[in-house]
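Okay, structure first, notes after.
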Amino acid sequence: MNDAPIGIFDSGVGGLTVARAVSALLPQESILYIGDTARSPYGPKPIADVRRYALEVLDDLVAQGVKMLVIACNTASAAMLRDARERYDVPVVEVINPAVRTAMSTTRNGRVGVIGTAGTISSGAYQDMLGVNERLTVFAQACPRFVEFVEAGVTGSPEVLAVAEEYLAPLRAADVDTLVLGCTHYPFLEGAISYVMGPDVSLVSSDSETAKDVYRQLVSRDLLAGPAAEPRHVYEATGASADEFLRLAHRLMGREVTDVRLVQTGAIDLPRASNPARRLG
Ligand code: DGL
């Protein structure tokens with residue numbers, strides 16, 4: 001048994017979809033969430049920069065005593081798939097493996113599409129992992145404007161549909177029967193994406209599958225919180241405004257997130273001693 005929090009990290013608010021799925025499956029667990037809003041979006045940035053930012057935030061979560069790391073950001077997962085597990089003693093769960101596994105077991109015709117940020121798609125992470133299965137043909141498409149729409153709270157306008165039509169046309173032409181939503185923000189556009197792709201295409205998003213991985217890891221390593229644990233959910237953002245994080249979180253998730261602490265990590269680190277309130281009690 002271990003009552004320490006699960007550390008969940010994303011470039012911003014999108015990873016809250018994963019946090020929500022984890023807390024639905026594991027309501028007795030505490031969660032410490034960091035959104036690196038000071039440096040988001042990660043999608044258009046060079047992969048080496050994303051890797052550095054992600055390591056800084058993950059180091060910070062480990063220093064705060066989390067028992068597990070969840071990289072709830074596809075771009076960060078793609079940037080550091082190979083080294084996060086070697087760097088930390090605590091188990092690391094990311095979002096690409098679970099989505100790939102689900103896509104592999106979902107497709108019937110072996111034609112799988114994947115959409116994501118420019119960074120995720122150009123890293124080739126999804127294509128490599130799906131490509132391990134020789135039965136599959138993979139079609140990848142970056143959809144950079146989708147994140148902009150979600151962050152502006154626009155999820156169902158004619159403009160979203162027009163942009164979705166444009167991005168998704170090659171995947172429709174390729175006759176994919178399964179489409180991986182390889183970005184934390186895309187589940188919020190599921191209506192438009194499903195409308196454009198048609199009812200016969202299965203959409204795979206990683207939040208609930210990632211939560212199952214978290215569950216499996218906690219059970220197999222005897223890390224579940226004890227029956228007397230009092231779960232706490234703490235949200236931290238690295239950007240200048242907690243209000244902005246809260247505004248977006250409320251728009252996307254309802255009123256579940258009630259309080260956001262502002263923190264600084266990595267290159268803009270605060271001396272830890274001057275910031276003691278950050279530790280979970
Ligand atoms: N969280 C990012 C991802 O899943 C999307 C937002 C960003 O570009 O930072 O790829």
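Below, all heavy atoms of this structure are taken into account, side chains as well, without hydrogens, waters or symmetry copies. Note that the numbering runs from 1 along the sequence shown for the chain. When a ligand or atom number is given, it counts from 1 through the structure's own listing order.
- With a 4.0 Å cut-off on non-hydrogen atoms, T117 touches ligand 1 through its side chain and not its backbone.
- When each atom of ligand 1 is checked for a heavy atom of S11 under 4.0 Å away, the hits are 1 (N), 2 (C), 6 (C), 7 (C), 9 (O).
- Judged by distance alone, the side chain of R145 and the main-chain N or O of V163 form no donor-acceptor pair under 3.5 Å.
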Exercise for review: Tell me, with the steps shown, if D49 and R39 meet salt bridge (charged side-chain N to carboxylate O under 4.0 Å, His left out).
Suggested key: CA-CA 10 Å; D49 290 352; R39 299 178 286 198; over 6 Å; no

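- The residue from T210, T17, I31 that alone fulfils the side-chain contact (heavy atoms from CB on, under 4.5 Å) condition with V22 is I31.
- The pair D3-K67 does not meet the salt-bridge criterion, since no charged nitrogen lies less than 4.0 angstrom from a carboxylate oxygen.
- In summary, the atoms of ligand 1 found under 4.0 Å from a heavy atom of Y42, numbered by their order in the structure, are 7 (C), 8 (O), 9 (O).
- Donor-acceptor pairing under 3.5 Å is lacking for the side chains of D36 and S11.
- Among protein heavy atoms, atom 8 (O) of ligand 1 sits closest to G43 N, 2.8 Å.
- We find that E29 and R232 are not joined by a salt bridge, their nearest charged nitrogen and carboxylate oxygen being 4.0 Å or further apart.
- Here the protein heavy atom with the shortest distance to atom 10 (O) of ligand 1 is T75 OG1, 2.6 Å.
- At a 4.0 Å cut-off, at least one heavy atom of C183 sits close enough to ligand 1 to count as contact.
- Every atom of ligand 1 is numbered from 1 in the order shown, and the set under 4.0 Å from a heavy atom of D10 is 1 (N).
- Considering each of S206, P41, C73, the one bringing a non-hydrogen atom nearest atom 2 (C) of ligand 1 is C73.
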